[in-house]
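What follows is a short report on a single structure.
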Amino acid sequence: MHQRLDYKSASPDAFKAMLGVETQVHRSGLEESLLELVKTRASQINGCAWCLDMHTKDARARGETEQRLYLVSVWREAPCYSERERAALAWTEALTQVATHQHVPDAVYTEARRHFDEKALVDLTLAIIAINGWNRLNVAFQTPVGDYVSPHAKAR
């Protein structure tokens, strides 16, 4: 697969806008480990290899276990996620697939609200919006996969 275009250089202002959203997501106070799980799950659903490469590397660099990364696509059957993480993953799936399902189920919202206050749920929603945007940029323009090096990796 060959890169169709480099969206960063084709529209630096669009890239800067996306980075601004991402900066807000990371300033929100949500746990980085939770954000990496959410980004990984949305990227799986969207088939974004570039984002999967990035976020699994970042998650591992931040201390996430291999098992939890391997099982995130089947999180409902895996006992290694907290109730808060499960609520976030369900919310991620509902929002990422909203075009298919035409709604976000009340039960998913209710469970998310049990674990996230209003601000945190808006911040989580923005994180999901952001990763879906990044997924679409990278899938559409076939960003080359595999060379990402996490800035969170510890020097050896």
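In this text the structure is predicted, and so the values were computed from the model without any measurement.
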Q. Side chains of His26 and Glu32: closer than 4.5 Å at any heavy-atom pair?
A. yes
Q: Using a 4.5 Å cut-off on heavy atoms from C-beta on, say whether the side chain of Val38 contacts that of Leu124.
A: yes
(Q) Can you confirm whether more than 12 heavy atoms, excluding those of Glu66, are under 6.0 Å from its CD atom? (A) yes
Q. Checking side chain to side chain contact (heavy atoms under 4.5 Å, CB included) for the pair Tyr70/Thr65: CA distance, chi angles, key distance, verdict?
A. CA-CA 9 Å; Tyr70 297 151; Thr65 68; over 6 Å; no
Q.
Please determine whether side chain to side chain contact (heavy atoms under 4.5 Å, CB included) holds for the pair Cys80 and Leu71, giving the CA-CA distance in whole Å, both sets of side-chain angles, and the decisive distance to 0.1 Å.
A. CA-CA 9 Å; Cys80 55; Leu71 296 175; 4.1 Å; yes
**Q.** Approximate separation, where rounding is to 0.5 Å, of Asn46 CG and Arg136 CZ
**A.** 4.5 Å
Q.
Please determine whether residues Leu52 and Val145 belong to a single hydrophobic cluster, defined as Ile, Leu, Val, Met, Phe, Trp and Tyr linked transitively by side-chain heavy-atom distances below 4.5 Å.
A. no
Q) Would Trp50 end up clustered with Val149 when hydrophobic side chains under 4.5 Å apart are linked, directly or stepwise? A) no
Q. How close do Leu69 and Ala59 get, heavy atom to heavy atom, and via which atoms?
A. CD2-CB, 3.8 Å
Q) Can any side-chain N or O of Ser28 pair as donor or acceptor with the backbone N or O of Val25 at less than 3.5 Å? A) yes
Q) For Gln67, does the CD atom sit with more than 12 other heavy atoms under 6.0 Å from it, leaving out its own atoms? A) no
Q: Supply the atom-to-atom distance Thr23 OG1 to Lys16 NZ, rounded to the nearest 0.5 angstrom.
A: 11.0 Å
Q. Do you know the tightest heavy-atom contact between Ala88 and Phe116?
A. CB-CZ, 3.9 Å
Q: Check whether any side-chain heavy atom of Thr125 sits under 4.5 Å from a side-chain heavy atom of Leu95, and report yes or no.
A: yes
Q: Can you establish whether the number of heavy atoms outside Asp117 located under 6.0 Å from its atom CG is more than 12?
A: yes
Q | Residue pairs involving residues 28-49 (criterion ring-ring contact (aromatic ring centres under 6.0 Å, His included); sequence neighbours excluded) | A | none
(Q) Would you compute the distance between atom CG of Asp123 and atom CG of Leu30 and round it to the nearest 0.5 angstrom? (A) 5.5 Å
Q | Shared hydrophobic cluster for Val104 and Leu126 (ILVMFWY, side-chain gaps under 4.5 Å) | A | yes
Q) Mind checking whether Glu111 and Arg84 have side chains closer than 4.5 Å, heavy atoms only? A) no
Q: Is it possible for you to say whether Ile128 and Tyr109 belong to one hydrophobic cluster, with membership spreading through side-chain heavy-atom contacts below 4.5 Å?
A: yes
Q. Met18: which other cluster members, linking ILVMFWY side chains closer than 4.5 Å, directly or transitively?
A. Leu5, Tyr7, Phe15, Leu19, Ile131, Trp134, Leu137, Phe141
Q | Lys57/Glu64 under salt bridge (Lys or Arg N to Asp or Glu O under 4.0 Å): CA gap, chis, key distance, verdict | A | CA-CA 9 Å; Lys57 286 176 178 175; Glu64 187 57 79; over 6 Å; no
Q: Might you point out which heavy atoms bring Ala94 and Val108 nearest each other, and give the distance in Å?
A: CB-CG1, 4.1 Å
Q: Quick one: pull up CG in Asp147 and CG in Asp53 and give me the separation to the nearest 0.5 Å.
A: 8.5 Å
Q: Please check if Trp91 and Leu35 belong to a single hydrophobic cluster, counting links between Ile, Leu, Val, Met, Phe, Trp and Tyr side chain heavy atoms closer than 4.5 Å.
A: yes
Q: Could you tell me whether the side chains of Gln44 and Arg41 share a donor-acceptor contact shorter than 3.5 Å?
A: yes
(Q) Please evaluate residues Val98 and His103 with respect to the criterion side chain to side chain contact (heavy atoms under 4.5 Å, CB included), reporting the C-alpha separation (whole Å), side-chain torsions for both, the decisive distance (0.1 Å), and the verdict. (A) CA-CA 6 Å; Val98 74; His103 73 288; 5.8 Å; no
Q | Atom pair CD1/OG1 of Ile45 and Thr40 - distance to nearest 0.5 Å | A | 11.0 Å
Q.
Do Gln3 and Asp6 make a side-chain contact, defined as non-hydrogen atoms from C-beta onward lying under 4.5 Å apart?
A. yes
Q: Please examine the side chains of Leu89 and Arg86, heavy atoms only from C-beta on, and report whether any two atoms are closer than 4.5 Å.
A: no
**Q.** Minimum-distance pair of heavy atoms, taken over all atoms of Cys51 and Ser43
**A.** CB-OG, 3.2 Å
Q | Contact summary for Asn138 and Cys48, nearest pair of heavy atoms | A | CB-SG, 3.7 Å
Q: Using the test side-chain contact (heavy atoms from CB on, under 4.5 Å), find all partners of Asp58 that sit at least two apart in sequence or belong to another chain.
A: Glu36, Met54, His55, Arg62, Tyr148, Ser150, Pro151, His152
